Protein chains: 2
Amino acid sequence: MERVTIKEVAEAAGVGVATVSRVLSGGSASPETRERVLAVAAQLDYRPSALGRNLRQRRTGGMGLLVPDLTDTFYGRLAEGVLSCARTAGEPVMVGSTGGDPEQEAELIGMLLEQSVDRVIAVPAGGPDAWAPAIRSGMTVVFADRLPGEPASEDSEDSESGYDEPLDELEALDGLPRRARTPAAPDLPAVLADDRAGIRTAVRYLRGLGHREIAFLGNTGHASRVAAFREATDDGLVVLAEVSRDAAYAAASGLFQSNPDVTAVLAGGNVLGEAAVLAARELDLRIPRDLSLIMFDDVPWAELCAPPLTVISQPARDLGYRAAELVLRADGRRRPRSVLLPTELIIRGSCGPRLKK
Amino acid sequence: MERVTIKEVAEAAGVGVATVSRVLSGGSASPETRERVLAVAAQLDYRPSALGRNLRQRRTGGMGLLVPDLTDTFYGRLAEGVLSCARTAGEPVMVGSTGGDPEQEAELIGMLLEQSVDRVIAVPAGGPDAWAPAIRSGMTVVFADRLPGEPASEDSEDSESGYDEPLDELEALDGLPRRARTPAAPDLPAVLADDRAGIRTAVRYLRGLGHREIAFLGNTGHASRVAAFREATDDGLVVLAEVSRDAAYAAASGLFQSNPDVTAVLAGGNVLGEAAVLAARELDLRIPRDLSLIMFDDVPWAELCAPPLTVISQPARDLGYRAAELVLRADGRRRPRSVLLPTELIIRGSCGPRLKK
DNA sequence: CCGCTCCATGGAAACGATTCCATCATGACG
DNA sequence: CGTCATGATGGAATCGTTTCCATGGAGCGG
């Protein structure tokens with residue numbers, strides 16, 4: 001377990017430690033010294049310890065990655081993108097799973113702070129307030145998939161919706177229309193999929209099939225999709241679920257049971273889509289005859305499903321890769337710019353013309 | 001970005017740094033001193049920097065986690081288990097994705113070594129030789145899902161199989177029967193699913209349905225499953241694929257096309273199962289009429305598939321959680337003991353009686 | 001031949017914690 | 001009352017690197 005230190009290399013090469021350090025980190029040195037040091041280092045199999053370096057530089061290399069749930073293949077793919085970029089850069093990645101819970105997220109941020117990790121890629125759970133301290137303290141944060149925003153609030157124009165609609169104090173106070181509630185995209189660097197365009201084309205497609213009562217089955221926490229859906233449907237029915245398969249199923253099941261006149265559903269993620277298929281099957285709603293379904297996020301099994309699911313595909317892996325690039329390139333003082341990646345509507349077999357009613 | 005250091009806390013509390021350190025890490029101190037120090041630390045919002053501690057202790061806290069591919073939900077679930085255990089312990093986790101490639105794995109091991117991460121959970125890609133140096137250098141390694149072994153070799157008793165069967169020098173040399181080629185489980189700590197039992201019951205189930213020509217569609221690298229299958233079927237047909245969806249599809253498609261008399265397939269993982277369904281569909285093989293399919297690893301979409309897939313479920317999340325427990329508890333010098341978790345055959349709709357021939 | 005610049009070089013000071021060890025006070029016991 | 005044990009305490013060493021700074025030699029122009 002004895003580690004070779006720079007001191008031993010210096011001694012063996014007959015030079016000072018400073019010279020070894022310089023040679024190894026690309027500083028100036030005479031050709032013959034450089035060669036000798038490199039030879040000795042290779043022969044001793046010397047690898048500089050990140051510990052010493054980190055302490056001296058008062059920062060840990062690499063980056064942190066915070067996602068809601070690695071069980072969701074979307075985040076799995078996103079994480080793969082991040083890891084892949086990090087690996088080519090030889091940087092370590094500390095991964096944390098927040099469960100979509102701001103509290104756990106805060107804990108993990110604290111952990112990263114303690115580790116002096118100053119570059120983070122996050123699919124945020126908490127709002128801007130949760131992230132402001134970290135950013136102000138010098139962390140370079142790049143958000144992926146979504147920006148930190150107030151959690152989307154469940155809500156519908158259908159008064160028959162059985163869901164309780166909590167009073168929204170903000171709205172009551174300032175009387176802003178709902179879609180303005182999503183905080184104006186703050187000046188935060190982010191790599192996002194073009195949700196709005198994806199949702200708009202999906203809604204247009206469903207409208208084209210004759211659907212009028214379109215519902216959105218979304219995630220709390222993904223405010224932008226909810227906002228985009230409301231914008232596209234003029235405040236259509238929205239039902240939200242927490243990050244968990246059980247919650248998703250409950251939400252989907254509740255949506256179908258309480259809103260029999262809904263003929264088309266847009267699921268805001270693959271877990272929600274899965275829940276929707278399951279719940280529909282359980283309630284004996286046939287897809288696409290009784291119910292048209294579009295799912296956000298293309299996954300391999302969408303094709304295996306019966307019927308194959310029409311989806312809005314997102315470049316999950318690229319989101320992660322680009323975010324990692326941004327956070328790595330952000331060596332300077334300036335903040336990285338944001339990136340918007342395209343989505344695509346892939347039509348398979350889960351949508352049909354509106355038949356009933 | 002100014003960080004509060006232990007020195008400032010000591011000064012503010014009117015004590016020495018040693019005392020602060022002792023108080024914060026549970027050493028002895030007089031009650032009043034302890035209280036004062038704690039109060040000051042809380043007031044200054046002091047968080048000890050992991051950097052200093054790590055350097056002094058010559059080890060990085062937390063653990064490393066190496067998996068083949070986070071895109072595969074099995075590893076996603078496994079990773080969630082690890083992260084969940086690590087979070088309760090407040091430990092950071094460095095995650096790397098090997099792509100099932102020993103070379104990339106070696107690089108990542110090097111990276112962890114450089115970071116002085118001395119506790120690692122790994123789904124190994126390389127063989128025992130790849131891991132021996134790391135272990136000998138003092139790393140505590142707990143393997144998950146599989147042990148490091150020689151890559152399983154593709155092979156069949158059916159001479160009509162179109163696959164090239166490379167000469168196996170080892171076997172030629174010592175003349176051991178094939179199933180003995182899997183290295184005798186070395187004395188390595190690991191958390192594994194009971195592959196052998198799972199495969200045995202699956203094969204028995206298929207036999208009970210009348211199937212004689214059963215093929216295994218497996219991963220290179222998962223030698224134990226291949227061995228278990230050979231044992232259960234008396235060296236039945238085995239086709240292997242690398243860790244990638246494309247390779248899996250190619251392998252499945254090749255298997256079906258070259259071996260028309262195969263009536264049942266056991267897929268060694270969810271990616272392979274997915275590939276098998278896809279390939280079967282492409283070749284117009286109806287499941288379960290023309291082909292019975294059992295997939296290793298239960299995934300949410302197995303139920304959504306048409307037909308719903310009969311699977312051998314494994315407690316992926318528990319595998320990860322238990323592995324993390326082991327690696328964390330291994331503070332002492334003794335190696336952690338291995339753990340074997342049960343699998344379960346879940347019968348759904350992808351297997352039927354043998355009809356053709 | 002002097003003085004200047006430029007470069008290679010090594011010693012030593014950080015970085016922020018833990019931990020060894022010496023010191024000091026206090027109380028107990030002979 | 002002296003001695004010893006005990007426990008709290010702070011100074012200083014330590015971990016392995018990077019980086020600042022001083023030194024010294026070489027090269028060059030005047």
Side-chain angles (χ1 to χ4, degrees), chain A residues 1-38 40-41 44-62 92 111 113-118 137-138 331, chain B residues 1-38 40-41 44-62 90 92 113-118 137-138 331:
Chain A
M1 186 52 177
E2 299 310 314
R3 213 192 163 90
V4 181
T5 73
I6 198 176
K7 213 169 158 183
E8 308 176 57
V9 175
E11 209 160 318
V15 298
V17 292
T19 304
V20 176
S21 173
R22 251 169 315 207
V23 167
L24 262 42
S25 42
S28 75
S30 77
E32 65 262 30
T33 319
R34 145 168 273 107
E35 202 169 338
R36 186 151 35 99
V37 169
L38 286 177
V40 171
L44 262 51
D45 192 31
Y46 168 67
R47 311 199 53 164
S49 155
L51 260 36
R53 180 191 359 241
N54 290 345
L55 177 57
R56 173 64 221 239
Q57 308 189 329
R58 313 171 72 166
R59 61 189 290 274
T60 295
M111 195 259 284
L113 241 22
E114 189 166 321
Q115 302 286 332
S116 302
V117 173
D118 61 355
S137 88
D331 274 331
Chain B
M1 187 52 179
E2 299 311 314
R3 215 192 161 92
V4 181
T5 73
I6 199 177
K7 212 168 159 186
E8 307 175 56
V9 175
E11 209 160 316
V15 298
V17 291
T19 304
V20 176
S21 174
R22 249 167 313 195
V23 168
L24 262 42
S25 42
S28 74
S30 76
E32 62 263 33
T33 318
R34 146 167 272 106
E35 202 169 337
R36 189 151 33 97
V37 169
L38 287 176
V40 171
L44 262 52
D45 191 31
Y46 168 67
R47 311 199 52 164
S49 155
L51 260 36
R53 179 186 7 236
N54 289 346
L55 178 56
R56 173 62 220 244
Q57 307 188 331
R58 313 171 72 167
R59 61 188 290 273
T60 296
L113 239 25
E114 189 166 323
Q115 302 288 330
S116 302
V117 172
D118 59 355
S137 87
D331 274 333

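Nothing here was measured: the structure is a model prediction, and the numbers come from that model. So that the names make sense, note that chain A is the first sequence line, chain B the second, and so on, each numbered from 1. Every heavy atom of this structure was used, including side-chain atoms; hydrogens, water molecules and symmetry mates were not.
- The separation between A:Leu51 atom CG and C:dT18 atom C1' is 13 Å, rounded to whole Å.
- If you walk DNA chain D from 5' to 3' and mark each nucleotide with an atom closer than 4.0 Å to a heavy atom of chain B, the marks span D:dA8 to D:dG16.
- Contact annotation for B:Ser21: base contact, defined as any heavy-atom pair under 4.0 Å involving a base atom.
- When every heavy atom of B:Arg36 is checked against every heavy atom of B:Val15, the shortest pair comes out as NH1-CG1, 4.0 Å.
- Closest of all the heavy-atom pairs between B:Arg3 and B:Arg47 is NH2-O, 3.6 Å.
- Put simply, CG on A:Asn54 is 15 Å from C1' on C:dA14, counting in whole angstrom units.
- Using a 4.0 Å cutoff on non-hydrogen atoms, no part of residues 29-38 of chain B comes near DNA chain C.
- Between B:Tyr46 and C:dG16 there is no side-chain N or O to OP1 or OP2 distance below 4.0 Å.
- Note that the CG atom of A:Leu55 and the CZ atom of B:Arg56 stand 12.5 Å from one another [nearest 0.5 Å].
- Of the candidate nucleotides C:dG10, C:dG16, C:dT18, C:dG16 has the atom lying nearest to any side-chain atom of B:Thr5.
- Distance check, rounded to the nearest 0.5 Å: CD of A:Gln115 to CG of A:Asn54 gives 10.0 Å.
- Heavy-atom distances to DNA chain D give each of A:Lys7 and B:Val15 a nearest nucleotide, and the one nearer the 5′ end belongs to B:Val15.
- Summary of the strand contacts: B:Gln57 and A:Ala18 both lie near DNA chain D, and taking for each the nucleotide with the nearest heavy atom, the more 5' one is attributed to B:Gln57.
- If you take CG of B:Leu55 and C1' of C:dT18, they are 10 Å apart, rounded to a whole angstrom.
- Listed candidates were C:dC15, C:dG10, C:dT18. Nearest to the side chain of A:Thr19 is C:dG10.
- For the pair B:Arg53 and C:dT18, the criterion of a side-chain N or O lying under 4.0 Å from OP1 or OP2 is met.
- Heavy atoms only, all atoms of each residue included: A:Ala12 and A:Val40 are closest at CB-CG1, 3.7 Å.
- For C:dG10, its base sits under 3.5 Å from the side chain of A:Arg22 at one donor and acceptor pair at least.
- Listed here is the closest heavy atom pair of B:Leu44 and B:Val4: O-CG2, 3.6 Å.
- Backbone-only contact: A:Gly16 has heavy atoms under 4.0 Å from sugar-phosphate atoms and none from a base.
- For A:Arg56 and C:dG16, the CZ to C1' distance is 12 Å, given to the nearest whole Å.
- Expressed to the nearest 0.5 Å, how far CZ of A:Arg53 lies from OG1 of A:Thr60 amounts to 11.0 Å.
- Annotation: B:Gln57, atom CD; neighbour count of heavy atoms from other residues, nucleotides and ligands within 6.0 Å is above 12.
- Taking all atoms of both residues into account, the shortest heavy-atom contact from A:Ser116 to B:Ser49 is OG-OG, 4.2 Å.
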